[in-house]
Every structure is written in structure tokens, then in C-alpha cells.
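This is a predicted model, so every value here is computed, not measured. Whatever order the structure lists them in is the order used to number ligands and atoms, beginning at 1.
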Amino acid sequence: MRLRHKPWAEEFIAAHPEIVIANPEEHKGKWHEVFGNDHPLHIEVGTGKGQFVTGMALANPDINYIGIELYDSVIVCAVETILEAGEIPNLRLLKVNGSDLHKFFQKNDVKQVYLNFSDPWPKTRHAKRRLTHEEFLKLYESILVDFGEIHFKTDNRGLFEFSLLSMSSYGMLLKDVSLDLHANPPEGNVMTEYEEKFSAKGQPIYRLESQFVKKESL
Ligand code: SAM
């Protein structure tokens, strides 16, 4: 994603505390207080301009969603997407690094993790930055409920193959794997910005659902 410097971004984010949570570490273990209900929490790491998480939150009012994005200049677009959609009580954003999830969530806080078109980091020396690297899987497992799931979509075949290997060697159950999502899209598939762009060019979209299993049941 091309990043444009937006000098006004910080101020704009601070002006929308109802959407971008200002001190997320204060809510660790008690996110239900933020949403005012006990509905399950799904998070998307690398939410970009927010189209997916907004669409999911509108379609599933009984699920709470948090979109996580690293950059000010990108998250402002997600805030605009949400403002345009109207009030969405079951959706919030965090402007944090996905590698710090343990600071904001604890075991059992999250039911499902979405990773959509994550940066592929193709160089081997950058493999640890891939959001499906073993170190990230450990992190997700530490905040998810038992048998929590990851749902992952990408256009990048190399990243998809790496992720299949990483998840299966971690001992995760691969539940649903598609090498061409749009050949037979599942009901209710909400498209991300990147998914729209790449599928319009005829590129296959890879998708998987994987689940953590108790290590003793392996
Ligand atoms: N998910 C969107 C989509 O499918 O259209 C955006 C995809 S874009 C290629 C990847 C996004 O992930 C970027 O907005 C980037 O800033 C964000 N990102 C990358 N690494 C991240 C990290 N460690 N924590 C949070 N966000 C991250």
C-alpha cells in the first residue's frame, strides 16, 4: 500500500475516540465493557482502509469487531469508511502494531482473527514479519479462546504456501482451503479493497480457515 504523509492524521484520529480506541491497554481482559455486551470479539490485523471490517460489522451485529492498523495515514481512511457507513456500535479500531497484540488482549478475549492480504515480505530474511509466521501464531493463540480460528485471504501464492506450512507445522487444523475463492465464493463473502482490485484483474484469491487445537489432542 502506498503511504501518503497526512499531517492532519493524528489530530483527526484523536477527534474520533468513539472509533479509534485511545488507550487500548486499559481494556485488556474487559473489551465487553467497551461494547456494552458479551458478544464474541473478532479482530482483523492489517485492516487497511476498513472496507472488510466495516462490511462484516454491518452484516453481523451480534459479533464485535476490532480492526487493527499500523499507520496513521491508512487508519484515517478506515475512520472515514466507518463514518460514511453511519453509527456502527459493534466496531472499533486500534492504531497499533499487530506484534503487540498481547499488550491489548489476553487469553479468551478474541474468538477469531482475520488476516486479509497481509504484506507478503518475500525476502527470506524478513520471514518473521509475515503475519502467519510461527511467532505470530503463538501470539494469536495466546489471546484467542480455545479452538479459536484464523481466516486468511491473499492474492500472494508464496505467502499462502508459507502460511499453509507454518500453520500445519504449528499443529493447527486446516479446515477450509481454496485456491480460487471467486470460482465458488462462500455465502456472505465480504470483499476487502485488495480483494476487489486483484479479483477484478482475474487473479485467483487464496483463502483458508484454520483452527488452533489443544496440544494434548495432537
Ligand atoms: N486488509 C486490507 C485489504 O485486504 O484490502 C489491506 C491490505 S494491505 C496490503 C496490508 C495492511 O496491513 C496495510 O494497511 C498495513 O499498514 C497493515 N499492516 C501491515 N503490518 C501490520 C502490523 N504488523 N500491524 C498492523 N497492521 C499492519
*Any K197 heavy atom less than 4.0 Å from ligand 1*: no
Going by the 4.0 angstrom heavy-atom rule, the piece of K49 near ligand 1 is neither
Exercise for the section: Please verify whether a non-hydrogen atom of L115 lies at under 4.0 Å from ligand 1. Expected result: no
* To do: Measure the distances from the heavy atoms of E195 to every atom of ligand 1 and state whether one is below 4.0 angstrom.
  => no
Aromatic contact between W31 and F104, with the criterion being ring centroids under 6.0 Å apart: yes or no?
no
- Determine whether the aromatic ring centres of Y140 and F212 lie less than 6.0 Å apart. no
Taken to the nearest 0.5 Å, the spacing of F117 CZ from Y206 OH works out to 11.0 Å
With heavy atoms and a 4.0 Å threshold, my read on which part of Y194 contacts ligand 1 is both
- Are the aromatic ring centres of H16 and F12 under 6.0 angstrom apart? yes
> So is there a nitrogen or oxygen of Y71 less than 3.5 Å from a nitrogen or oxygen in ligand 1?
Replying inline: no
Does the separation of the ring centres of Y114 and H42 fall below 6.0 angstrom? yes
With heavy atoms and a 4.0 Å threshold, my read on which part of N97 contacts ligand 1 is both
